[in-house]
Every structure is written in structure tokens, then in C-alpha cells.
Amino acid sequence: MKIQSGDRGPCNLSLLFLCAVCLGLAAPAASAQAVPPASPAAGAGTVVKRTVARPWMNRTLPPERRADFLLKQMTLDEKIAMVHGVKPIPVKGYVGYVPAIPRLGIPALTLADGRAAVGNGAKDITLLPAPIAASSGWDVAVMGAYGRVLGREQWLKGTNVALGPTIDVVRVPEWGRTFESYGEDPWLNSRMAVAEIEGIQSQGPIADANMYLTMQQESNRQVEDSRVDERTLQEIYLPPFAAAIQEGHVGTIMCAYVKTNGAYSCENQYLLKDVLRTQLSFDGWVMSDWGATHSTADAANHGLDQEMPDDKFFGDKLKAAVASGQVGQSVLDGQVRDILVPMFRQWLFDKQQPGSWSANARSPEHDAFARMVAEQGTVLLKNDGGLLPLGVGASVAVIGAPGGTAPRVEGGGSSGANAPYVVSPLDGIRKRAGDAARVSYADGGDLGAAASAARNADVALVFVQTKETEGSDRPDLELPGNQDALIEAVAQAGKRTIVVLNTGGPVLMPWLDKAAGVIEAWYPGQEDGNAIAAILYGDVNPTAKLPLTFPRSAGEISTSTKEQWPGVDGRSLYSEGLNVGYRWYDSAHVQPLFPFGFGLSYTTFKLSHLVVEPAKQGGPSGATELVRLDVTNTGKRRGAEVVQVYVGHPAADREPPHQLRAIAKVDLQPGETKTVTLTLDKRSFSVYDPAAHGWAFRAGTYEILAGTSSRDLPLHQSVAIR
Ligand code: BGC
């Protein structure tokens with residue numbers, strides 16, 4: 001059987017029906033709250049009648065024409081009212097609000113946070129696993145469904161601008177918002193961003209890609225100045241935003257708190273004008289992060305369209321600046337038009353939203369989806385001697401994170417949400433083990449009790465965690481408190497120890513040799529315990545892969561000097577350049593603890609017969625090369641492998657050794673072989689040329705490598721690209 005990259009493996013080996021629904025392959029249940037199908041312009045609503053006197057209400061006209069008609073009718077005050085939020089917000093819920101203008105039929109803008117769930121204190125929502133977990137599935141179809149669930153719940157809550165996704169490339173592993181992001185690779189982040197944005201926008205709300213652009217640390221985030229060269233900016237940090245605009249058609253972008261090369265993100269002419277408008281032809285609006293606007297004329301003239309959450313700079317001050325000519329009338333018109341065009345494109349003038357903040361957005365389908373994403377995102381890092389999956393008869397000691405029985409299922413800050421329930425690991429494991437095995441529990445705060453629980457069980461499961469949040473970076477990569485000591489004590493006492501990590505990013509593992517098994521479950525959302533039990537007992541065969549590198553020691557990371565992070569005198573030097581994440585480990589010849597792209601399965605796979613050949617003209621989306629190879633399941637269980645294709649440039653290009661450019665998730669029965677075809681586009685063979693301020697295609701001899709992690713690439717072929 002032949003499959004194409006972009007075809008997908010299983011969302012889940014145990015929830016096939018749900019899988020079909022999440023892909024839009026099967027009709028969803030009639031309930032308005034099923035996992036939404038992948039249909040464009042979904043979102044139920046009443047069509048508002050157009051009137052002849054209001055030509056902008058003519059739905060048959062293009063959004064740009066409608067915006068132009070409307071703009072002509074707006075007074076100065078009405079225009080000013082569109083370009084800032086109001087405080088206090090006159091309706092319950094929402095973190096940002098722009099009032100309606102009934103005279104012209106302009107609906108209010110209702111903005112709510114939502115990275116893993118509708119946030120801002122909303123009730124009756126689904127807490128999905130953190131985005132880093134969803135991205136660990138390396139499956140764009142699952143990420144698309146993730147966006148659809150979020151978009152659907154936002155829409156049911158009356159939100160028409162969904163604040164998310166967070167698509168920044170992770171540069172600093174200590175970054176407090178790593179869990180909100182997709183990982184360290186520009187290409188993988190781009191694929192995930194497009195899928196999630198399309199998913200959100202298919203359900204009604206406008207998505208908001210954030211945070212633009214050099215938002216790679218929380219330390220000093222209100223003043224930090226990222227000093228970064230143009231090539232690095234373009235090749236590493238920009239691609240997810242470029243993809244969000246050009247492929248995902250995102251309606252709005254949030255400019256970040258930080259500065260880039262001396263100018264605040266929300267008044268940075270290079271970022272907002274030269275890049276967004278001229279280079280990428282972005283035709284939506286730029287809104288500031290909350291309190292990230294620092295000026296009136298500079299911000300407006302340099303490309304900020306909307307101040308959030310209030311009117312400190314874009315209220316009376318902007319009106320005065322327009323009156324005095326400091327800000328041209330055409331600039332203000334442009335700002336308003338940038339906001340109106342995506343509003344028309346998303347049919348916000350034409351549909352009445354069904355929901356309100358107090359509406360129920362939950363459904364059994366969304367609960368099941370939350371579990372499926374957690375299972376898909378759980379990475380098996382170590383499994384000595386095939387200890388996992390657990391046999392049903394094995395007695396198990398569950399040892400909780402010190403100081404509490406509450407599992408850590410989400411990160412903190414603006415992405416925090418009210419989980420409707422949380423299945424704890426203990427409950428999930430007890431339910432799954434049933435009467436067949438003894439399951440004991442010990443609080444990890446008492447090392448003696450934990451050790452004795454481990455001694456009396458066949459297997460000890462230690463749950464450890466980090467508390468990661470917006471607003472602060474982790475001080476280091478260690479597990480906080482006495483968790484390392486806890487693992488050591490349990491490993492010494494027990495026969496076999498499995499460590500389950502609930503972290504938003506990498507941690508150091510000084511105890512790794514003593515643990516028989518290690519699982520990265522990230523922040524797994526409300527279905528935590530059910531998902532981890534399904535992985536532990538083998539109901540689900542793990543398929544996830546790390547979207548970022550785990551280092552061996554604190555010094556062995558690309559940003560190990562204080563000049564790089566957290567910065568000196570308010571400046572962070574991006575001196576590692578292109579060598580971010582695995583690119584640095586490869587170019588510095590440093591062995592990571594667990595490499596980017598790594599993740600085990602309960603079965604084994606073999607890749608063979610690599611063939612790279614030029615794509616025929618008119619190949620899929622600008623493909624220049626086709627990569628074909630066979631994948632075989634050489635083990636005894638059904639499973640899915642993520643085939644990863646990396647490209648190595650000619651030495652003269654001065655690129656990192658190899659970079660991810662294509663993936664395919666392949667589902668295989670034991671003994672089965674499939675031939676996979678992946679495509680490499682023109683960008684795979686291009687570099688950014690700062691002298692010409694543009695991307696340049698480079699002919700030359702490239703190395704095409706295929707394998708199952710950035711450090712396991714058994715197949716390779718040199719190809720001459722002309
Ligand atoms: C965060 C944004 C968020 C906003 C509104 C800011 O602190 O950086 O991501 O959307 O708050 O809650």
C-alpha cells in the first residue's frame with residue numbers, strides 16, 4: 001500500500017471511531033458539540049439580512065470591498081473606537097473587548113485566551129493537553145482537530161477572536177511558556193500552526209497567532225531586547241508566522257512584549273511593516289499583547305493596528321495625533337481596514353453567534369478527544385527490557401509528586417483554565433488495574449513511605465513535575481524540590497521504577513540509569529489518569545516524539561551563557577544564530593540526553609529502500625523532490641512510526657548539519673510494510689540571503705537523511721539539486 005506524507009497514521013489505535021470523527025471522515029454525532037468536522041466556514045448562525053443602504057452587508061462582495069464601503073461611512077470617533085479595547089469590559093467573561101457599533105452593524109469583538117482550553121475563568125470547557133503534548137503527536141490531523149475543538153468551544157462561549165495559538169520557536173529550554181508552544185523546530189511549528197489555525201477559524205472565531213516575534217523568554221519580558229541577526233530571524237523565528245499568514249490565513253497577530261534589535265515589538269517598523277506587510281502580504285490586524293503598546297504615533301505609524309486591552313495610547317491620544325497630523329488619516333483608515341477585512345472574511349457581520357460566556361461548551365466527544373490527544377502526546381523515553389507495558393497482575397505503587405496528590409495537568413498564566421474534572425493518575429491506574437492487581441499509593445513528600453511502598457510492589461511509578469508558567473522562566477532545568485532524591489530513594493528500594501514526567505519542557509535526569517522506564521506525559525489535561533493508564537498497560541501503543549531536545553547537563557545547551565539568557569543589561573544575544581535546539585547539538589557535536597524527534601514504541605520498526613528523485617512538474621505544492629522509502633513493523637504489536645526526513649545543505653551555505661523538512665506518521669500491523677512518499681519543497685533547498693534581504697534557492701549537492709529521530713538517520717542519499 002502506498003501513502004503520501006500528509007496522509008496520516010492513526011490518531012489513536014484504540015479510539016478509531018473518534019479518530020474518524022476528528023478527521024471529518026465520519027459524520028459527527030448530531031449534537032452541536034461533537035468534535036467538529038473539518039468543514040470550512042462552519043459555525044452555525046443566523047444569516048443577517050443585508051440591506052441596500054448598507055452595501056458592506058452584501059455577502060457576495062469580497063471582504064476588501066465590504067471593508068472599503070464600511071470605512072467610508074465611519075466617523076473619526078468610530079474609527080478610533082475600533083483600534084483599542086475597553087476596560088472595564090461591559091460583559092461577563094473575555095479578556096479583551098471592542099464594543100459594537102450598532103449604527104453600522106459592526107459587531108463587538110470578544111477576545112478570550114485559549115491555548116489548551118477557553119481560559120479567563122470560563123466554566124464548562126474542556127481542558128485539553130498542553131500544546132507541547134499535542135505537537136508531540138507529530139500529526140497535523142490531530143492538531144487540526146485540536147484547533148477545531150478549541151475554536152468550537154470559543155464560539156459556543158461567544159468568543160469571536162480566539163487568542164492562540166502560541167507558535168514561537170522554543171530557544172531557551174527554561175522558557176516559562178514552552179508548554180504553550182509546539183517546540184524547537186521552525187518547520188514542525190509551521191505545520192502545527194497552520195493546522196491549528198485552520199481548525200480554530202473553521203469553527204467561527206478569528207485566530208490570533210502569538211507572540212510576534214522574538215518572544216523566547218519570560219525573564220524581563222517587558223523590557224528585554226533580543227539582539228538577533230536578520231538571517232536567524234528569517235530562518236528560525238519567522239517561518240511559523242509566515243506559514244500562519246500565507247497558508248493558515250490567520251486573521252490577527254499579537255505583537256510581543258519584548259524588543260527586537262532595539263525596538264519594541266509593537267512599534268517595530270521592520271517587523272510590522274517590512275516583514276509582515278511587504279514580505280508576507282499580511283492583510284489582517286496586529287494587536288498588541290496586553291500592555292505591550294508603548295507609544296501612539298510610533299506604534300501607529302510603524303504598523304500596530306490595535307491596542308489591547310485599553311486605550312492608553314490609541315484612544316484620545318491617537319485622535320489628537322490624527323488631528324495634528326502626526327498620524328495620517330490614511331494610517332488610521334489602514335488600521336481599521338486591517339481589522340475589518342478579517343472580520344468580513346470570517347463572516348462576523350453575517351452570523352449571529354449562538355453562544356455566550358455562560359454557555360456549556362463541553363461534550364462527551366470533547367472529553368474523549370482530550371484523552372486521545374493525551375495518549376497521542378505521551379512520549380516513551382526509556383523502557384529497559386520491555387518492562388512496559390505492565391502486565392495486569394503486577395502490583396503497583398503509585399508515588400505522587402511531593403507535597404500533594406494533585407497532578408499537574410496544565411501550565412500557568414493566561415493559558416490557565418478551569419478543568420471540569422481531572423482524572424488523577426492514581427484513579428486512572430486503579431480503574432484500569434481493577435481487581436487484578438494491588439495498587440498502593442504514597443505521597444512523595446515522605447521519602448521513607450515512598451521507599452517502603454516501592455519495596456512492597458512489583459513496579460513503582462513515580463510522578464514528578466515542574467510548575468511552569470507565563471511570567472517567569474524556570475531558574476534551571478532541574479526537577480524542583482526533592483524530586484530527584486525521591487526518584488533515587490524509590491529506585492534504590494524498589495525492584496523496578498518508572499518515572500512519569502509532568503513537565504512543560506525538558507528536565508535533567510541525574511537518576512536516569514536507575515530508572516527502568518521514563519515517560520514524558522507533559523501537562524496532559526483533564527484526562528491525565530486515563531491516558532497514562534492506557535499507555536502504561538499497553539491499551540495504546542505510544543507513538544509520540546519529542547518536539548524539543550532534552551540536554552544531558554545544564555551547560556550542554558545552546559543558550560548556556562548569561563549574555564544569551566536571561567541577558568545582561570536588558571539584552572539577550574542570540575549569538576547561537578541558526579544553531580537552535582537540535583541544530584546546536586549537531587553542529588557542536590554534543591550528545592543530548594534524548595534527541596529531538598525521539599520516542600519509543602512497544603513495537604519496533606525498520607526503514608529501508610530510500611529513493612530520492614525529482615518531482616514531476618506540478619508536483620504537490622511546489623515540491624521539487626520526492627523521497628520514497630519503506631517502513632516495516634518488525635515487532636509483534638500494531639504501532640505507528642513517525643518517519644522524519646532531514647536535509648543537509650552544501651557546506652558553503654553555512655547551515656546547521658541537517659534540518660527537518662518532511663514527516664509522515666505510518667500505522668502498521670505486525671510484519672506489515674508500507675511505502676511512504678514525502679515531498680521536499682523549494683524552501684528545503686534555499687537559504688535567506690541578508691545582503692539581498694530575501695530567500696535564495698541554492699543549487700548544489702545536498703544530503704537527504706531519513707530516520708526516526710534527529711540522531712537516528714540510517715538512510716541517506718546525496719542528490720544534486722539544480
Ligand atoms: C499574554 C497573552 C495573553 C494576554 C491576555 C498576556 O499576558 O502574554 O498571551 O493573550 O495576556 O490574557
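As the structure lists them, so they are numbered: ligands from 1, and atoms in each ligand from 1.
The part of Arg115 lying near ligand 1 is the side chain, judged by heavy-atom distances below 4.0 Å. Residue contacts with ligand 1, taken as heavy atom pairs separated by less than 4.0 Å, do not involve Met215 at all. Within the 4.0 Å heavy-atom criterion, neither part of Met287 lies near ligand 1.
The atoms of ligand 1 that sit less than 4.0 Å from any heavy atom of Ser414 are 1 (C), 2 (C), 3 (C), 9 (O), 12 (O). In the vicinity of Arg221, heavy-atom distances shorter than 4.0 Å reach the ligand 1 atoms 7 (O), 8 (O). Annotation for ligand 1: atoms under 4.0 Å from non-hydrogen atoms of Arg177 are 1 (C), 2 (C), 8 (O), 9 (O). Of all atoms in ligand 1, listed by their number and element, those nearer than 4.0 Å to a heavy atom of Val95 are 5 (C), 12 (O). Listed by number with element, the atoms of ligand 1 under 4.0 Å from a non-hydrogen atom of Leu163 are 10 (O). The atoms of ligand 1 that sit less than 4.0 Å from any heavy atom of Tyr257 are 6 (C), 7 (O), 8 (O).
With Asn120, Asp113, Asp208, Asn210 as candidates, the residue nearest to atom 5 (C) of ligand 1 on a non-hydrogen basis is Asp113.
Looking only at atom types and distance, the side chain of Glu153 has a donor-acceptor partner in the side chain of His366 under 3.5 Å away. Glu470 and Ser415 share no donor-acceptor pair across their side chains, judged by distance under 3.5 Å alone.
Ion pair Arg277/Asp338 flagged as a salt bridge, since at least one NZ, NE, NH1 or NH2 atom sits closer than 4.0 Å to an Asp/Glu carboxylate oxygen.
For the ligand labelled ligand 1, residue Met254 lies inside the 4.0 Å heavy-atom shell.
Note: His294 and Tyr264 have parallel aromatic rings, judged against thresholds of 30 and 60 degrees for the angle between ring planes. Relative ring orientation between Phe349 and Phe344 is described as parallel, the plane-to-plane angle staying below 30° on a 0-90° scale split at 30° and 60°. Between Phe241 and Tyr212, the ring planes lie perpendicular to each other; the angle is over 60°, past the 30° to 60° tilted range.
Among protein heavy atoms, atom 4 (C) of ligand 1 sits closest to Asp289 OD1, 3.6 Å.
Checking only distances, Glu470 does come within under 3.5 Å of ligand 1, N or O to N or O.
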**Message:** Is there a side chain to side chain donor-acceptor pair (under 3.5 Å) between Asn579 and Ser558? Walk through the geometry before answering.
**Reply:** CA-CA 7 Å; Asn579 289 314; Ser558 63; over 6 Å; no
**Prompt:** Yes or no on side-chain contact (heavy atoms from CB on, under 4.5 Å) for Trp584 and Thr559, after CA distance, side-chain angles and deciding distance?
**Reply:** CA-CA 10 Å; Trp584 178 82; Thr559 48; over 6 Å; no
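Applying the side chain to side chain donor-acceptor pair (under 3.5 Å) test between Trp175 and each of Glu468, Glu218, Gln217, Gln216 identifies Glu218 as the sole match.
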